[in-house]
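Quick notes on the structure that follows.
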Amino acid sequence: MSDKGETPENRLRRELPEEVPTAAGDAAQVPGRAPGTAEKPEASGTPDASGPVETSGSSGTRGPSGAGALSETSGSSGTPGAPGAPGHEQGGLTGRQRLVKGLWPPRITRAQLIVAVLLFGLGFGLAIQVASNSDSDSALRGARQEDLVRILDELDNRTQRLEDEKQGLVKQRDELENSSDQAEEARKQTVEKQKQLGILAGTVAAQGPGITMTIEDTKGTVQADMLLDAIQELRAAGAEAIQVDDVRIVAGSYLTDSGKSVSIDGNKINAPYRFKVIGKPEDLEPALNIPGGVVQTLEKEQATVTVERSDKIVVDALRAAKRPDYARSSS
């Protein structure tokens with residue numbers, strides 16, 4: 001056929017190069033075909049080597065087909081899944097397959113694993129606590145009225161028992177405290193009483209305000225009864241401790257004449273007779289100076305009596321404690 005009689009389609013087919021690469025670079029050589037030979041596209045109708053065919057994936061544009069030519073696709077967004085189409089994922093994977101591939105197998109670090117274990121343990125404990133509370137609450141909700149009344153009575157009784165036990169313990173504590181205080185106070189009183197009795201018995205030394213009385217007997221006319229009257233007058237005036245020379249005067253003391261001197265409890269004393277007396281000076285001195293009293297009686301016997309007040313009188317003469325032969329404590 002001459003060039004004048006050629007149709008435009010035949011002329012276009014003849015002028016096209018033997019192989020045209022696609023824009024996506026997907027035109028791979030088919031195995032078994034010679035280089036430069038393109039694969040015929042599948043047409044929607046009957047394939048015709050001499051005429052144009054409509055390719056699947058084209059948007060209605062008819063293009064030439066034949067040896068060395070590829071069918072042009074108008075609008076590459078046509079059929080999804082076709083080679084080179086934008087909807088076709090790289091490597092032949094769809095979006096869902098890539099998502100699954102990214103999620104599995106999971107890549108977990110050691111820190112993430114520890115945190116996951118701790119969170120699991122915390123959630124498990126909270127679940128058990130909630131379950132136990134729910135069980136107890138549901139048990140009470142499902143109980144009968146008689147059971148609820150019995151449970152309430154038991155709780156009240158237990159509360160009362162605990163309150164009674166508390167009161168008993170408080171009472172025991174108070175008794176122990178009081179007994180301890182009483183015992184301590186009794187001990188203190190006993191020690192103080194022992195000191196007082198020791199002063200009266202002459203077994204301990206004593207000191208305090210009082211007077212000092214000195215009797216000068218140059219003629220030796222002072223007798224034991226005169227000194228005994230002086231001791232009795234001082235006791236009546238409130239004397240608490242009396243010492244004559246180096247002899248302690250006690251309740252059982254006795255005085256006797258021994259020539260021109262006097263003996264107290266078998267101990268001989270000589271003039272001048274020196275009395276050290278502990279008591280209230282304002283009461284002791286007037287008791288000795290009353291008319292017809294001790295001072296006037298001694299002065300009639302030509303003795304000289306001197307009385308001096310003092311804020312501190314020390315009575316340090318002691319008597320050995322003597323156990324009574326017959327008297328016993330009644331307590």
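Residue numbers start at 1 and run along the sequence shown. The shown structure was predicted, so the numbers you read here are calculated from the model rather than taken from an experiment. For the numbers below, each heavy atom of this structure counts, side chains included, while hydrogens, waters and symmetry mates do not.
Under a hydrophobic-cluster definition in which Ile, Leu, Val, Met, Phe, Trp and Tyr are linked whenever side-chain heavy atoms come within less than 4.5 Å, directly or via other members, Met213 and Ile242 are assigned to the same cluster. With hydrophobic clusters built from ILVMFWY side chains whose heavy atoms lie under 4.5 angstrom apart, Leu284 shares a cluster with Leu228. In this structure, Ile313 is not a member of the same hydrophobic cluster as Ile199, with clusters built from ILVMFWY side-chain heavy atoms closer than 4.5 Å.
Put simply, the residue from Val244, Leu234, Val315, Val307 that forms a side chain to side chain contact (heavy atoms under 4.5 Å, CB included) with Val277 is Leu234.
Taking each heavy atom of Ala206 and Ala241 in turn, the nearest pair found is CB-CB, 4.5 Å. The nearest pair of heavy atoms linking Tyr273 to Asp217 is CE1-CB, 4.4 Å. Across all their heavy atoms, Arg319 and Arg248 have their closest contact at NH1-O, 2.9 Å. Closest approach of Gly292 to Thr297, counting heavy atoms only: O-OG1, 3.9 Å. Lys268 and Ser263 get closest at one heavy-atom pair: CA-OG, 3.7 Å. Nearest heavy atom pair, residue Val222 against residue Ala303, reads CG2-CB, 3.9 Å.
With a 4.5 Å cut-off on side-chain heavy atoms, Phe275 and Ile215 count as touching. The shortest side-chain heavy-atom distance between Asp316 and Gln243 falls under the 4.5 Å cut-off. Gln172 has its side chain within reach of Leu169: a pair of non-hydrogen atoms, C-beta onward, lies under 4.5 Å apart. For the pair Leu318/Thr203, no side-chain contact is recorded, criterion being any heavy-atom separation below 4.5 Å from C-beta on. Two residues are said to be in side-chain contact when any heavy atoms from C-beta on lie closer than 4.5 Å; Ile269 and Ile264 meet this criterion. Here the side chains of Leu200 and Gln196 are not in contact, with every heavy-atom distance at 4.5 Å or above. With contacts defined as side-chain heavy-atom distances shorter than 4.5 Å, the pair Asn289/Val305 does not qualify. Counting heavy atoms from C-beta outward, Lys219 and Glu301 have side chains that stay 4.5 Å or more apart.
For CZ of Arg323, the number of neighbouring non-hydrogen atoms (other residues, nucleotides, ligands) closer than 6.0 Å is 12 at most. Around CG of Asp311, the count of heavy atoms belonging to other residues, nucleotides or ligands within 6.0 Å does not exceed 12. Counting non-hydrogen atoms of neighbouring residues, nucleotides and ligands closer than 6.0 angstrom, the CD atom of Gln112 exceeds 12 such neighbours. Within a 6.0 Å radius of CD in Glu146, more than 12 heavy atoms belonging to other residues, nucleotides or ligands are found. Residue Glu154 places its CD atom among more than 12 non-hydrogen atoms of other residues, nucleotides or ligands, all under 6.0 Å distant.
Counted by atom type alone, Asp164 and Gln160 present one or more donor-acceptor pairs between their side chains at under 3.5 Å.
The backbone N or O of Val262 sits nowhere less than 3.5 Å from a side-chain atom of Asp257 that would complete a donor-acceptor pair. For Lys276 (side chain) and Val314 (main-chain N/O), a donor-acceptor pair under 3.5 Å exists by modelled atom type.
Here CG of Asp265 is found 6.5 Å from CD1 of Ile249. Values are rounded to the nearest 0.5 Å.
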